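Every chain is numbered from 1 and lettered A, B, ... according to where its sequence line falls, protein lines coming before strand lines. Just so it is clear, the structure is predicted and the values come from calculations on it, not from any experiment. Quick note: numbers below take in every heavy atom, side chains included, and nothing from hydrogens, waters or symmetry partners.
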Amino acid sequence: MSKAKTSKNPLMDSIIALCKRRGFIFQSSEIYGGYNGFFDFGPLGVELKKNLKEAWWKDMVHCRDDIEGLDSSIIMSPKIWVASGHVGGFSDPMVDCKTSKMRYRADQLFFAPVIVDGNTIGYVSVLEDSSMQAVAEETADKMKRKQGVQGTLAPIELKDYTEADPSEYELIPSPATGEPGSLTPPRDFNLMFETKVGALSDSTATAYLRPETAQGIFANYKNIVDTGRVKIPFGIAQVGKAFRNEITPRNFIFRSREFEQMEMEYFISPEADWQGCHREWIDWCKDWLVSVGLPADMLGEDVHPLEKLSHYSRGTTDITFKFPFGEQELWGIACRGNFDLTQHQEHSGKSMEIFDQESKSKFIPHVVEPALGVDRLLLAVLTAAYTEDEIGGEKRTLMKFHPRVAPYKVAVFPLLKNKPELMEKAQDLYKKLQRKYNVFWDTAGAIGRRYRRMDEIGTPWCVTVDFDTLEDGTFTLRDRDTTEQKRINEEELLAMLDAQLY
RNA sequence: GCGGGUAUAGUUUAGUGGUAGAACUCCAGUCUUCCAAACUGGUUGCGACAGUUCGAUUCUGUCUACCCGCACCA
């Protein structure tokens with residue numbers, strides 16, 4: 001009877017509904033039934049997103065003397081992705097067990113034939129583990145005894161599943177069931193989108209949509225060093241789209257296939273205290289997140305254990321955020337050593353060394369990389385801002401955006417729209433403010449309704465022109481969070497906005 | 001990718017083998033001197049494609065999207 005949606009995340013549902021209702025975020029290609037993993041940003045969403053990117057750029061590039069900006073192309077030479085390891089390493093062959101429905105990474109699933117006096121009596125399989133050799137030997141011994149085979153057990157030589165011969169797929173037992181025959185061949189999940197460049201569609205034309213903006217920075221590192229604008233330590237920052245063919249996009253815009261990154265590579269001497277530098281950047285990033293409206297108590301740190309680090313990393317700490325669906329990675333701060341530049345030096349044959357005047361030495365610098373997903377940040381900001389409260393017994397939904405990132409900074413209303421003198425006065429103010437800020441104009445309905453509308457899209461202030469305005473030039477300034485109203489003149493209004501919207 | 005669930009207007013929802021009603025929202029108008037007022041009118045919907053049928057939003061199948069769990073997330 002009841003077909004109540006069984007969503008266990010009403011907060012997430014409310015945020016998604018508001019995003020659609022008010023024009024923040026739409027599902028991509030909605031009129032054709034949607035397209036999994038892609039999103040469109042509506043009139044409000046594009047403003048919010050732009051404000052976040054501009055705030056980042058201002059604080060990261062303009063307000064720092066040691067960081068330069070860059071905008072590299074999305075499609076670059078495929079050689080870049082070979083050098084970076086993405087062509088080889090970005091694809092993880094996966095194995096599914098058809099019986100248990102378990103899924104394994106093929107390079108973490110090990111197997112070996114059990115050989116007695118030269119005869120293969122079966123196979124054993126184990127998952128990657130420090131004790132896997134011992135477990136495999138024990139299992140092989142049991143198999144030998146169970147089958148009653150006499151003879152000498154040959155040493156167990158474990159290989160991972162990617163090295164298995166196709167004829168062996170049917171013989172290797174699933175680690176889940178212990179029975180052979182249920183494992184699929186290793187299947188590729190290459191997370192890079194491929195495309196073709198040029199008229200010819202042969203394999204030499206294959207190119208990739210970048211899965212991260214970082215490689216564009218490394219590929220231009222030499223250009224920027226050669227323009228002589230920088231000396232160690234320095235950073236290069238970039239904002240741009242990136243693409244990953246995620247197997248399972250989930251959680252609204254948290255994991256999507258097309259997304260935007262704000263990345264910065266901070267180049268330091270190999271002799272420098274990289275751990276100290278890492279810590280400084282973690283703190284800088286946390287402070288910045290607070291400055292755009294994320295409460296400090298919703299942030300956390302997740303230090304990646306050494307054994308789980310990526311191939312390029314010497315240390316990674318994620319700044320996490322308490323999303324409605326759990327505490328998840330927001331901003332990854334990775335120490336990439338000199339892996340990337342060394343790779344590019346080897347593959348391109350061009351020197352990536354820099355001469356440091358201070359130490360009179362030449363070296364390939366190491367990097368600390370703070371990488372932030374714009375869309376994840378946007379979702380975090382939406383989550384932190386979403387508030388329900390009660391005003392005079394009426395429920396109210398409001399988005400408590402930091403004024404700095406709010407899509408509209410201020411709204412201007414004539415108290416009554418059928419009074420031309422109020423309309424005219426309000427238009428004057430609206431036009432004046434519009435030159436400097438994104439301002440919302442609304443004449444429809446009762447004044448209270450207009451206030452609530454602004455609450456729902458997070459406009460921090462509303463200014464109402466009434467009959468007193470015509471007499472003494474003061475307006476009603478109404479505050480979104482407190483709903484307090486006070487009289488203020490134009491000069492005071494401009495000064496207040498200037499002070500609040502740095 | 002696997003399993004389970006869901007799909008009617010912008011939102012929340014009625015309902016039917018004979019092409020759908022409501023509330024709120026939205027738009028227009030009347031009115032309105034500061035927190036979703038009132039009145040009048042209006043726009044908008046059966047996720048898509050097939051099949052069964054005289055006729056399908058309803059029954060069947062396929063697909064798509066969303067939600068939950070598992071797996072995955074260099």
Side-chain angles (χ1 to χ4, degrees), chain A residues 1-10 12-14 16-23 26-38 81 84-105 107-108 176 184 187 189-192 211-212 244-252 254-255 257 308-313 325 328-329 334 390-398 413-419 422 444-456 462-469 475-480 482-487:
Chain A
M1 183 72 199
S2 169
K3 45 181 177 174
K5 295 195 173 92
T6 52
S7 172
K8 289 173 187 163
N9 211 325
M12 203 57 203
D13 291 348
S14 300
I16 293 170
L18 184 137
C19 281
K20 180 174 184 186
R21 185 168 71 244
R22 291 304 188 181
F26 307 119
Q27 193 183 14
S28 170
S29 314
E30 202 181 349
I31 60 170
Y32 289 99
Y35 204 43
N36 192 351
F38 298 91
W81 306 111
S84 71
H86 286 82
V87 169
F90 215 66
S91 69
D92 286 320
M94 305 297 302
V95 189
D96 288 316
C97 168
K98 286 178 284 195
T99 305
S100 66
K101 308 299 181 194
M102 296 293 286
R103 167 174 289 177
Y104 308 100
R105 267 174 54 177
D107 61 344
Q108 293 176 352
T184 65
R187 288 184 283 193
F189 288 87
N190 193 323
L191 293 184
M192 281 200 293
E212 61 174 25
R244 293 180 195 179
N245 199 0
E246 296 287 354
I247 300 164
T248 314
R250 275 277 166 101
N251 291 327
F252 198 35
F254 182 80
R255 176 175 293 117
R257 290 181 166 132
K308 287 187 79 175
L309 289 177
S310 316
H311 60 280
Y312 54 71
S313 179
F325 43 83
Q328 298 278 341
E329 171 190 352
E390 246 179 55
I391 296 297
E394 291 274 357
K395 274 197 182 144
R396 165 175 91 133
T397 302
L398 70 156
F413 311 141
L415 184 58
L416 303 171
K417 76 169 161 179
N418 59 352
K419 299 286 188 267
L422 294 186
I447 194 74
R449 175 177 296 270
R450 284 180 261 167
Y451 288 152
R452 298 296 178 84
R453 251 188 221 131
M454 289 303 101
D455 291 339
E456 219 180 22
C462 298
V463 179
T464 301
V465 170
D466 60 18
F467 293 102
D468 288 349
T469 313
F475 316 99
T476 300
L477 178 72
R478 186 265 192 183
D479 183 273
R480 177 193 66 199
T482 63
T483 75
E484 276 168 13
Q485 305 183 13
K486 61 177 178 183
R487 300 300 294 188

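The P atoms of rG61(B) and rA7(B) are separated by 15 Å, rounded to the nearest whole Å. A gap of 32 Å separates the P atoms of rG51(B) and rC67(B), to the nearest Å. For rU12(B) and rA56(B), the P atoms lie 29 Å apart once the distance is rounded to whole Å. Comparing the P positions of rC68(B) and rU32(B) gives a spacing of 50 Å, expressed to the nearest Å. One C1' atom belongs to rC2(B), the other to rG10(B), and the distance between them is 35 Å to the nearest Å. Separating the C1' atom of rU44(B) from that of rG55(B) is a span of 26 Å, rounded to the nearest Å.
The distance from atom CD1 of Ile16(A) to atom P of rA65(B) is 16 Å, rounded to the nearest whole Å. For the pair Arg21(A) CZ and rU12(B) P, the interatomic distance rounds to 9 Å; values are reported in whole Å. Nucleotide rU32(B) holds its P atom 10 Å from the CZ atom of Phe467(A), rounded to whole Å. Look at CD on Gln485(A): it is 9 Å from P on rC34(B), rounded to the nearest Å.
With a 3.5 Å ceiling on both atom-pair distances, rU58(B) lacks any Watson-Crick or G-U wobble partner.
Between Arg453(A) and rC26(B) there is a side-chain N or O to OP1 or OP2 distance below 4.0 Å. OP1 or OP2 of rC66(B) sits under 4.0 Å from a side-chain N or O of Asn36(A). For the pair Arg250(A) and rC67(B), the criterion of a side-chain N or O lying under 4.0 Å from OP1 or OP2 is not met.
Look at Glu456(A) and Arg21(A) and you find a salt bridge, because one of the NZ, NE, NH1 or NH2 atoms lies within 4.0 Å of a carboxylate O, short of that distance.
Residue Arg257(A) holds its CZ atom at 13.5 Å from CZ of Arg244(A), rounded to the nearest 0.5 Å.
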